[in-house]
A.B. asks: 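Just dropping this structure here.
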2 protein chains.
Amino acid sequence: MSDSADLKKAGLKATLPRLKILSILEAAKVHHMTAEDVYKALLETGEEVGLATVYRVLTQFEAAGLVIRHNFEGGRSVFEINQGSHHDHVVCVECGEVFEFYDPAIEERQRKVAESLGFDVDSHSLYMYGVCLGMKRHGHCSKKEGR
Amino acid sequence: MSDSADLKKAGLKATLPRLKILSILEAAKVHHMTAEDVYKALLETGEEVGLATVYRVLTQFEAAGLVIRHNFEGGRSVFEINQGSHHDHVVCVECGEVFEFYDPAIEERQRKVAESLGFDVDSHSLYMYGVCLGMKRHGHCSKKEGR
DNA sequence: CTTTTGCATGGGAATGATTCTAGTTTACAC
DNA sequence: GTGTAAACTAGAATCATTCCCATGCAAAAG
């Protein structure tokens with residue numbers, strides 16, 4: 001259950017930067033962070049880590065299945081901790097908030113489509129972009145900042 | 001029906017680079033191209049265009065709804081001509097081939113999910129990544145090149 | 001058909017995100 | 001503890017994309 005054990009299980013040495021990054025991702029209120037976000041959070045805890053390390057570690061975590069990388073609109077990657085349960089995303093283009101949902105019917109239809117193509121699916125992602133309720137109604141929402 | 005008219009309708013001057021880029025996208029056999037792909041195709045026709053222009057034009061075309069931009073895995077954007085009919089994508093991570101499909105049931109469920117969140121959806125994208133039949137069976141397929 | 005006017009272009013520099021390189025440090029097996 | 005492979009840091013390098021600005025060209029006006 002400890003982060004240290006999680007890392008070992010993934011075949012990764014339990015180094016300080018890795019432990020810190022993992023705990024930041026786990027503790028994050030907004031749990032979709034860019035590499036830069038993680039780097040800033042590390043600096044705030046007074047940690048001496050290089051941005052290169054953040055990228056390297058996030059990529060290793062992705063390969064190990066500890067985190068999920070998303071390529072949202074705009075080109076930069078965002079990462080979220082992998083809590084086991086697959087879900088899809090709805091992103092507000094005004095405030096940046098990310099909602100998650102899971103729809104078994106959609107998952108099933110995707111599986112069928114892949115099957116009919118003879119495709120072995122490794123991963124799939126479904127993103128919807130639009131304007132959230134708060135921004136529509138009041139021009140702001142819980143996460144007011146734009147981008 | 002002419003490209004020139006299409007551009008004017010979109011509020012864009014019918015300049016030579018724009019016409020060329022539009023015709024390349026329309027004629028493309030593999031119709032998911034990166035900006036670099038389009039640039040190379042232009043050079044092959046002997047055209048003197050700057051890469052910056054290609055990016056600028058593709059972005060304008062996207063805004064005008066003439067092309068669709070996709071952010072597949074790997075960071076770079078790919079573009080396809082917008083032929084009106086929405087569809088989703090299945091990408092082979094081995095050979096790079098892109099298959100398209102449309103599933104009304106999935107579309108409908110997405111609509112429902114957005115509605116239940118009070119979300120106005122501008123766009124949505126569904127990508128599945130995996131290994132295509134040809135690569136599984138023979139280690140190669142119609143589009144053998146890797147990436 | 002020519003002039004006018006302003007948006008469009010080209011190319012190189014700039015930016016932003018991400019990755020590589022070199023030399024140094026650390027985790028962990030013995 | 002000690003050795004060794006793996007990991008770390010900082011900064012340089014790379015890649016995709018965008019910016020800047022002097023020049024060019026499309027469309028409107030004459």
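Because only heavy atoms are used, hydrogens play no part in the values below, and waters and symmetry mates are left out as well, while side chains stay in. Being a predicted model, the structure only gives us computed values, none of them experimental.
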A.B. asks: Taking only residues two or more places apart in sequence or in another chain, which ones pass ring pair (Phe, Tyr, Trp, His ring centres under 6.0 Å) with A/Phe99?
C.D. replies: B/Phe119

A.B. asks: Sort me out a list of protein N/O and nucleotides 23-30 of chain D N/O pairs below 3.5 Å, or just none if empty.
C.D. replies:
residue	atom	partner	partner atom	Å
D/dA27	OP1	B/Ala14	N	3.1

A.B. asks: Has the side chain of B/His32 got a donor or acceptor atom that lies under 3.5 Å from a matching backbone atom of B/Val30?
C.D. replies: no

A.B. asks: Take atom OH of A/Tyr55 and atom P of D/dT9, then tell me their distance rounded to the nearest Å.
C.D. replies: 15 Å

A.B. asks: Distance from A/Ile24 atom CD1 to A/Leu22 atom CG, nearest 0.5 Å?
C.D. replies: 10.0 Å

A.B. asks: Hey, could you give me each pair passing side-chain hydrogen bond (donor to acceptor under 3.5 Å, both in side chains) that has a residue in residues 35-46 of chain A? Not counting sequence neighbours.
C.D. replies: A/Thr34-A/Asp37

A.B. asks: Got a list of side-chain donor-acceptor pairs under 3.5 Å for residues 61-70 of chain B, not counting sequence neighbours?
C.D. replies:
residue	atom	partner	partner atom	Å
B/Glu62	OE1	B/Arg69	NE	2.9
B/Glu62	OE1	B/Arg69	NH2	3.1
B/Arg69	NH1	B/Ser77	OG	3.4
B/Arg69	NH2	B/Thr59	OG1	3.3
B/His70	ND1	B/Tyr127	OH	2.9
B/His70	NE2	B/Glu80	OE2	2.7

A.B. asks: If you look at every heavy atom in A/Asn71 and A/Tyr129, which pair is closest and at what distance?
C.D. replies: O-OH, 4.3 Å

A.B. asks: Kindly state which residues belonging to residues 58-65 of chain B come within less than 4.0 angstrom of DNA chain C, counting heavy atoms of the residue only, listed by number.
C.D. replies: none

A.B. asks: Please report, rounded to the nearest Å, how far the P atom of D/dA7 is from the CG atom of A/Leu7.
C.D. replies: 11 Å

A.B. asks: How about B/Val93 and B/Met135: do any of their side-chain heavy atoms sit closer than 4.5 Å?
C.D. replies: no

A.B. asks: Out of curiosity, A/Glu73 CD to B/Ser123 OG, how far, rounded to the nearest 0.5 Å?
C.D. replies: 4.5 Å

A.B. asks: Do B/His31 and B/Glu100 touch side chain to side chain, with heavy atoms closer than 4.5 Å?
C.D. replies: yes

A.B. asks: Could you tell me the separation between the NZ atom of A/Lys20 and the P atom of D/dT9, rounded to a whole number of Å?
C.D. replies: 13 Å

A.B. asks: Identify, with sequence neighbours excluded, every residue that meets side-chain hydrogen bond (donor to acceptor under 3.5 Å, both in side chains) alongside A/Glu108.
C.D. replies: A/Arg111, A/Lys112

A.B. asks: Which donor-acceptor pairs under 3.5 Å do side chains of residues 7-18 of chain A form with protein atoms, sequence neighbours excluded?
C.D. replies:
residue	atom	partner	partner atom	Å
A/Arg18	NE	A/Gln60	OE1	3.4
A/Arg18	NH1	A/Lys13	O	3.1
A/Arg18	NH2	A/Gln60	OE1	3.2

A.B. asks: Take B/Leu133 and A/Leu117, measure what side-chain contact (heavy atoms from CB on, under 4.5 Å) needs, and give me the verdict at the end.
C.D. replies: CA-CA 7 Å; B/Leu133 197 55; A/Leu117 290 171; over 6 Å; no

A.B. asks: Side chains of B/Ile106 and B/Phe101: does their closest heavy-atom pair fall under 4.5 Å?
C.D. replies: yes

A.B. asks: Where does the chain A footprint on DNA chain C start and end, counting 5' to 3' with a 4.0 Å heavy-atom cut-off?
C.D. replies: C/dA17 to C/dC28

A.B. asks: Atom CD of B/Glu36 and atom C1' of D/dC15: how far apart are they, to the nearest Å?
C.D. replies: 10 Å

A.B. asks: Listed by chain and number, what are the ring pair (Phe, Tyr, Trp, His ring centres under 6.0 Å) partners of B/His86, not counting sequence neighbours?
C.D. replies: B/His124

A.B. asks: Tell me the bend of the helix from C/dC1-D/dG30 to C/dC30-D/dG1 as the angle between end helix axes, each from five pairs, rounded to the nearest 10 degrees.
C.D. replies: 30°

A.B. asks: Where do N or O atoms of nucleotides 20-22 of chain D meet protein N or O atoms at under 3.5 Å, pair by pair?
C.D. replies:
none

A.B. asks: For A/Leu51 and D/dA12, give me the distance from atom CG to atom P, rounded to whole Å.
C.D. replies: 15 Å

A.B. asks: Is there a side-chain contact between B/Leu25 and B/Leu58 (heavy atoms, below 4.5 Å)?
C.D. replies: yes

A.B. asks: Quick one, which residues of residues 42-50 of chain B touch DNA chain D with a heavy atom under 4.0 Å?
C.D. replies: none

A.B. asks: Which pair of heavy atoms, one from A/Val113 and one from A/Ser116, lies closest together, and at what distance?
C.D. replies: O-OG, 2.8 Å

A.B. asks: So do the side chains of B/Asp3 and B/Glu26 get within less than 4.5 Å of each other, counting heavy atoms only?
C.D. replies: yes

A.B. asks: What's the shortest heavy-atom distance between A/Val121 and A/Ala114, and which atoms?
C.D. replies: CG2-CB, 3.4 Å

